[in-house]
Every structure is written in structure tokens, then in C-alpha cells.
Undergrad: 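Sharing a structure with you now.
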There are 2 protein chains.
Amino acid sequence: MLSFTEENYLKALLHITLEVEHKNEAGTNELASYLGVKPATATDMLKKLKDKKLISYEKYGKISLSDSGRNKAIEILRKHRLWETFLYEKLDFTWDEVHEVAEQLEHIQSQKLVDKLDKFLGFPEYDPHGDAIPNAKGELKPSFKKTLSEAEEGTTCRMVAVKDNTVSFLKYVSQLDLGINTHIQVLARQPYDGSMEILINDSKITVSQKFAENILIV
Amino acid sequence: MLSFTEENYLKALLHITLEVEHKNEAGTNELASYLGVKPATATDMLKKLKDKKLISYEKYGKISLSDSGRNKAIEILRKHRLWETFLYEKLDFTWDEVHEVAEQLEHIQSQKLVDKLDKFLGFPEYDPHGDAIPNAKGELKPSFKKTLSEAEEGTTCRMVAVKDNTVSFLKYVSQLDLGINTHIQVLARQPYDGSMEILINDSKITVSQKFAENILIV
DNA sequence: AAATTAAATTAGGTTTATCTAACTTTTATT
DNA sequence: AATAAAAGTTAGATAAACCTAATTTAATTT
Ligand SMILES: [Mn+2]
Ligand SMILES: [Mn+2]
Ligand SMILES: [Mn+2]
Ligand SMILES: [Mn+2]
């Protein structure tokens with residue numbers, strides 16, 4: 001049985017390696033800064049995770065998840081996203097509130113609970129942020145790649161996910177009346193700073209490039 | 001914020017002091033054995049809980065919960081019993097499976113989650129074992145006291161709770177077709193060993209005194 | 001190629017929660 | 001009242017997860 005902390009290291013490695021396509025490895029400092037600990041602390045844990053064959057790693061080398069480490073990490077990701085969906089769908093949490101609580105719930109150990117929760121929610125495929133939920137077999141759909149900042153002027157697209165999961169970003173998105181499945185018409189892009197004029201629900205708004213880079217579309 | 005472990009000590013103290021009416025105190029060894037740790041370990045924690053003013057305690061003396069310690073313990077008990085109810089009512093867990101998972105879920109920190117869960121469940125008053133769920137104000141109904149072993153021959157009573165929460169007991173109870181709200185007719189009590197002949201759902205069965213002492217009735 | 005910078009590790013501590021073994025205090029029994 | 005037993009505490013260790021400061025190795029830049 002893995003500790004709470006070990007699980008968080010595995011999950012962090014999965015997130016880092018999933019962030020950039022075909023990257024598949026992480027550095028000690030990168031991992032430490034992701035987790036908010038010092039590199040020395042991460043080094044200690046890396047030795048432990050290596051002993052348990054959850055990662056492959058050599059002194060001064062890059063880190064990558066082993067098959068069993070990856071499976072474990074995906075299980076945790078699955079629980080995280082199922083719990084977020086539960087909180088959002090059944091308990092009326094807003095999408096900016098779910099993550100913090102799911103960070104705790106994802107560590108509850110009970111295979112039966114995960115399976116029953118999945119069934120109770122109707123085997124959802126996406127969480128409230130549009131992220132794919134790994135299924136019971138551990139299969140994870142590739143994440144959406146195209147951002148609003150890449151949309152052509154004059155086209156219409158549909159928002160399918162967010163890249164940034166911070167409370168402040170999510171609150172801002174909701175405030176603009178934007179959400180998963182909102183249709184967005186791209187009116188114009190300002191060449192100077194990449195800000196965009198878009199039409200949603202018949203109202204015209206302007207968003208920054210930074211903002212547009214965090215909205216995923218199809 | 002209390003640690004997982006500190007919470008478990010408070011909860012244990014509440015359980016011990018609730019077990020016997022007007023007892024309201026516990027000993028170090030009693031507490032340690034309840035928690036499955038050594039008395040020396042408990043002594044260490046007692047100093048810490050005293051410093052935090054969660055218990056009142058003097059060296060070599062008895063332990064009792066302070067008001068704030070009791071409130072904290074009742075919050076945890078509330079969460080425990082709400083989660084048991086959730087697992088039982090919404091996820092189709094059996095009543096012998098819920099406790100183990102609730103032991104983990106009771107430590108999730110989110111006031112909003114507790115309130116929303118309570119509402120989602122329709123503000124239940126009793127958990128799957130017939131134990132009262134403390135309400136949002138921290139009010140806890142007194143527990144049932146009369147056991148089947150005390151029922152008069154020839155009378156009919158209704159099962160309202162169980163005293164023993166172990167998996168083996170609960171499974172045995174279900175197997176006998178007994179559950180919360182089952183009506184029980186007491187046919188006879190064997191003077192030799194206190195075993196009882198009872199009628200439930202038109203079938204006659206015999207249960208031991210030990211068994212009857214763990215069935216609470218009205 | 002040498003020097004500089006960045007990345008990672010090691011050494012030595014701290015805190016929390018646990019243990020064993022030895023000791024002290026309290027309670028019960030003769 | 002003396003003794004024995006039970007209850008509880010203290011001292012000293014260990015393991016997990018973290019830290020700072022110093023050091024080593026690898027990667028970049030001149
Ligand atoms: Mn999340
Ligand atoms: Mn999410
Ligand atoms: Mn329980
Ligand atoms: Mn219960």
C-alpha cells in the first residue's frame with residue numbers, strides 16, 4: 001500500500017509527463033517545484049519509488065514512470081476526476097471548488113468505492129473541467145490540444161475543456177458566461193497583443209491571449 | 001487543523017465515554033487498547049491534546065474531552081455516519097462494508113462537503129446501523145439502550161440498531177433476515193444459557209444470549 | 001578547453017507517530 | 001500496613017517526510 005505522499009509523487013510525475021506530448025520524463029527540480037518541496041526531499045523519495053519499482057531512475061538522470069507506477073498514477077487520476085464529477089453533478093459544487101476537495105478524496109482506498117461511484121455517475125467520460133476520466137481498465141483518452149488562441153478569425157468553435165485549473169481562472173471563465181460546450185464565434189484577433197474579440201451567447205467580449213491559450217476547443 | 005491521528009484519538013475518547021452512560025472519562029490503557037497502540041504512545045498524544053486544550057487530563061489521572069474536543073469529535077462522528085449512509089443508500093454498499101471506508105472518509109476536510117452531503121441524503125437521522133447522526137448544530141440524540149436480551153417473553157419489539165459493528169456480526173444478522181425495523185416476536189428464553197427463540201418474518205429461529213445482547217430494540 | 005551556471009545529491013537536522021524496556025505511581029489484596 | 005498487581009509515565013529508538021547548507025556532477029557558455 002502506498003502512502004498519501006508516494007501517491008502524490010506518482011500523480012505529479014504523470015501530470016508532468018502528460019503535459020508535453022512524448023516527453024515522458026521529468027527532472028528532480030521540476031518534480032520538486034511541482035510538488036512545492038525542496039529538491040533534496042524529492043531525491044529521497046525518488047530512491048524510495050525506485051526501490052518499489054514504480055519509476056525508472058538513475059542518479060543524476062531523468063525520471064520516468066514504470067508500468068506499475070503509471071497504472072497506479074492513472075488510478076489516482078481516475079479517482080480524482082470521478083470525485084470532481086460527483087461533487088459537481090450531485091452536490092452542486094461549482095467547478096472552481098471541486099479540485100481542492102478531490103485532492104483529498106483521491107486517496108481513499110477502496111476499489112469497490114471507485115467502481116460504485118463510477119456506476120452511480122453513469123460512467124462519465126469527462127470531468128467538470130473537460131478532462132478525460134480514465135476508465136476502469138485504465139485507458140485514458142488523449143487530451144484536447146487546440147486552444148482558442150489558435151482558432152481562425154471568422155470561425156465558430158465549441159469550448160471542450162480548460163487548461164488552467166486555478167480558482168481565479170475558472171471563476172473568471174464562469175463570470176464571462178463561458179463553460180464546457182459553449183459555442184464561441186471568433187470575430188477578430190488583435191495583431192498587437194493577440195487579444196481576441198469573441199461572440200458567446202449573443203454578447204461580444206474581449207479576452208487576452210493568455211486567457212485564450214487556456215481555453216481548449218474543437 | 002488537527003492531524004488524522006489526533007482526530008482518531010478524539011473520536012476514540014468520544015466512543016469510550018459514550019459507551020457507558022455518565023462515565024465521561026477514560027484511562028490511558030483503555031484508550032491505547034481501543035486504538036491498538038501502546039500506552040506509552042497514548043501518553044505522548046495525551047500531552048499534545050492537553051496542550052491544545054482538547055482534553056482535560058493530569059498525570060496519572062483520568063482523561064475527559066473538553067468542550068472543544070467534544071465538538072470536534074462529534075463533527076467527525078457526524079461525517080462518519082453521513083458517509084456510511086451515503087455508501088449504503090446511494091452506492092449500494094452492504095451495512096457490513098460501510099464502516100471501513102467511512103473510517104477514511106470521515107477525515108476529509110471540507111465543511112461545504114459535509115453540509116451538501118447531508119442535504120443530498122435528505123438530512124438523515126440514523127445511519128445504516130441505527131446510530132443517530134449528529135445534526136449540523138452538533139446535537140446528538142441519546143442512543144438506544146434496550147437490548148433484545150432484555151425483552152419479555154411473549155412480547156413483540158422492533159429492531160432499531162446494533163451494538164456490535166463488526167463485519168462478522170453484521171453479516172450474521174443479515175443472514176438471519178434481520179435488519180433495522182424488523183419486527184421480532186419473543187417466543188421463549190432458555191433459562192440455562194439465555195438463548196432465545198424468536199419469530200421474524202414468520203420464521204422461527206434461535207439466537208444466543210451474546211447475539212441478543214447486541215440487538216437494540218424498542 | 002576552461003569557466004560558469006544549473007541540476008542533483010549528500011550530510012546532518014527536525015517533527016510526528018510509533019515502539020520497547022525500565023521505572024514510578026496508584027489501586028487492590030492479603 | 002505491607003505487598004503485589006495494575007496502570008501509567010519516561011527514556012531512548014526508529015521510520016517517514018520534510019528542511020538547510022554544502023558538495024558533486026552535468027550542461028552551457030565563453
Ligand atoms: Mn482537479
Ligand atoms: Mn479536473
Ligand atoms: Mn462505523
Ligand atoms: Mn455506523
Side-chain angles (χ1 to χ4, degrees), chain A residues 1-13 15-17 19-20 23-65 69 72-73 76 103-104 106-107 109, chain B residues 1-13 15-17 19-20 23-65 69 72-73 76 103-104 106-107 109:
Chain A
M1 184 119 309
L2 299 180
S3 74
F4 203 97
T5 310
E6 290 168 324
E7 290 198 345
N8 281 337
Y9 274 82
L10 294 181
K11 193 180 49 145
L13 286 168
H15 270 122
I16 291 170
T17 56
E19 227 159 63
V20 179
K23 191 190 176 201
N24 252 24
E25 53 177 31
T28 303
N29 285 1
E30 185 182 18
L31 175 62
S33 101
Y34 185 94
L35 287 165
V37 300
K38 300 288 150 167
T41 304
T43 300
D44 281 350
M45 182 59 85
L46 290 173
K47 287 176 193 158
K48 206 166 119 191
L49 295 176
K50 194 198 167 174
D51 284 349
K52 295 191 174 187
K53 301 196 196 307
L54 294 162
I55 59 172
S56 76
Y57 159 71
E58 295 303 329
K59 213 202 255 192
Y60 289 107
K62 292 295 172 188
I63 312 143
S64 63
L65 286 164
K72 192 73 203 125
I76 302 162
E103 284 290 301
Q104 300 178 61
E106 71 190 5
H107 300 290
Q109 303 289 338
Chain B
M1 184 119 309
L2 300 181
S3 73
F4 204 97
T5 311
E6 289 168 324
E7 290 197 346
N8 281 337
Y9 275 83
L10 294 180
K11 194 181 50 143
L13 286 168
H15 270 122
I16 291 170
T17 57
E19 227 158 64
V20 180
K23 189 191 178 200
N24 251 24
E25 53 177 30
T28 303
N29 285 1
E30 184 181 19
L31 176 61
S33 100
Y34 186 94
L35 286 165
V37 299
K38 300 289 150 164
T41 305
T43 300
D44 282 350
M45 182 58 85
L46 290 172
K47 287 175 192 159
K48 207 165 119 191
L49 294 176
K50 194 200 167 172
D51 284 349
K52 295 192 175 187
K53 302 196 196 305
L54 295 162
I55 59 172
S56 77
Y57 159 71
E58 296 304 329
K59 213 202 257 191
Y60 290 106
K62 291 295 173 188
I63 312 144
S64 63
L65 286 164
K72 192 74 203 120
I76 302 162
E103 283 290 301
Q104 300 178 60
E106 71 190 4
H107 300 290
Q109 303 289 337

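In what follows, every chain begins at residue 1, and chains take the letters A, B, ... in the order their sequences are listed.
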Undergrad: Nearest-Å distance, CE (M45(A)) to P (dA15(D))?
TA: 16 Å
Undergrad: Choose from dT10(C), dC18(D), dT20(C) the nucleotide whose nearest atom is closest to any side-chain atom of T43(A).
TA: dT10(C)
Undergrad: Quick one: list whatever passes salt bridge (charged side-chain N to carboxylate O under 4.0 Å, His left out) with K62(A), sequence neighbours left out.
TA: none
Undergrad: Quick one: pull up OH in Y57(B) and CG in D51(B) and give me the separation to the nearest 0.5 Å.
TA: 11.0 Å
Undergrad: Applying side chain to side chain donor-acceptor pair (under 3.5 Å), name anything that partners Q104(A), two or more places apart in sequence or on another chain.
TA: none
Undergrad: Counting the atoms with a prime plus P, OP1 and OP2 as sugar-phosphate, which does T41(B) contact under 4.0 Å by heavy atoms, base, sugar-phosphate, or nothing?
TA: base
Undergrad: Excluding sequence neighbours, so at least two apart, what forms side chain to side chain donor-acceptor pair (under 3.5 Å) with K59(B)?
TA: none
Undergrad: Check the distance between dA16(D)'s C1' and L49(A)'s CG and give it to me in whole angstrom.
TA: 13 Å
Undergrad: Look at all strands and tell whether Y9(B) reaches a base, only sugar-phosphate, or nothing, counting heavy atoms closer than 4.0 Å.
TA: sugar-phosphate
Undergrad: Output the rounded distance in Å from CE (M1(B)) to P (dT16(C)).
TA: 16 Å
Undergrad: With a 4.0 Å heavy-atom cut-off, tell me which residues in residues 26-34 of chain B come close to DNA chain C, sorted by residue number.
TA: none
Undergrad: Counting the atoms with a prime plus P, OP1 and OP2 as sugar-phosphate, which does A42(B) contact under 4.0 Å by heavy atoms, base, sugar-phosphate, or nothing?
TA: nothing
Undergrad: Taking CG from L2(B) and C1' from dT16(C), how many angstroms apart are they, rounded to a whole number?
TA: 14 Å
Undergrad: With the side chain counted from C-beta on, respond yes when L46(B) and L31(B) share a heavy-atom pair under 4.5 Å apart, and no when they do not.
TA: yes
Undergrad: Quick one: K50(A) NZ to dA8(C) P, roughly how many Å, whole number?
TA: 16 Å
Undergrad: Within this structure, what is the CD-to-P distance between E58(A) and dT25(D), rounded to whole angstrom?
TA: 15 Å
Undergrad: Can you name the atoms? Protein N/O to nucleotides 23-28 of chain C N/O, anything below 3.5 Å, with the distance.
TA:
unit_1	atom_1	unit_2	atom_2	d
dT24(C)	O2	Y60(B)	OH	3.4

Undergrad: Take the protein atom CG of L46(A) and the nucleotide atom P of dC18(D), then report the distance between them rounded to whole Å.
TA: 12 Å
Undergrad: OP1, OP2 of dA7(C) versus side-chain N and O of K62(A): anything below 4.0 Å?
TA: no
Undergrad: Holding to salt bridge (charged side-chain N to carboxylate O under 4.0 Å, His left out), I want the full list of residues that pass it with E19(B), two or more places apart in sequence or in another chain.
TA: none
Undergrad: List the residues meeting side chain to side chain donor-acceptor pair (under 3.5 Å) with S64(A), not counting sequence neighbours, and say none if there are none.
TA: S56(A)
Undergrad: Report the distance from atom NZ of K47(A) to atom C1' of dC18(D), rounded to the nearest whole Å.
TA: 14 Å
Undergrad: Counting side-chain heavy atoms from CB outward, which of dT18(C), dC18(D), dA11(D) is closest to A40(B)?
TA: dA11(D)
Undergrad: May I have all residue pairs that pass salt bridge (charged side-chain N to carboxylate O under 4.0 Å, His left out) and include part of residues 23-41 of chain B, sequence neighbours excluded?
TA: K23(B)-E30(B)
Undergrad: Distance-only check: which donor-acceptor pairs under 3.5 Å involve side-chain atoms of residues 1-13 of chain A, not counting sequence neighbours?
TA:
unit_1	atom_1	unit_2	atom_2	d
S3(A)	OG	T5(A)	N	3.4
S3(A)	OG	E6(A)	N	3.1
S3(A)	OG	E6(A)	OE1	3.4
E6(A)	OE1	S3(A)	N	2.7
E6(A)	OE1	K52(A)	NZ	3.3
E6(A)	OE2	K52(A)	NZ	2.8
E7(A)	OE1	H107(A)	ND1	2.6
E7(A)	OE2	Q109(A)	NE2	2.8
N8(A)	OD1	H107(A)	NE2	3.0
K11(A)	NZ	E103(A)	OE1	3.0
K11(A)	NZ	E103(A)	OE2	3.0
K11(A)	NZ	E106(A)	OE1	3.4
K11(A)	NZ	E106(A)	OE2	2.7

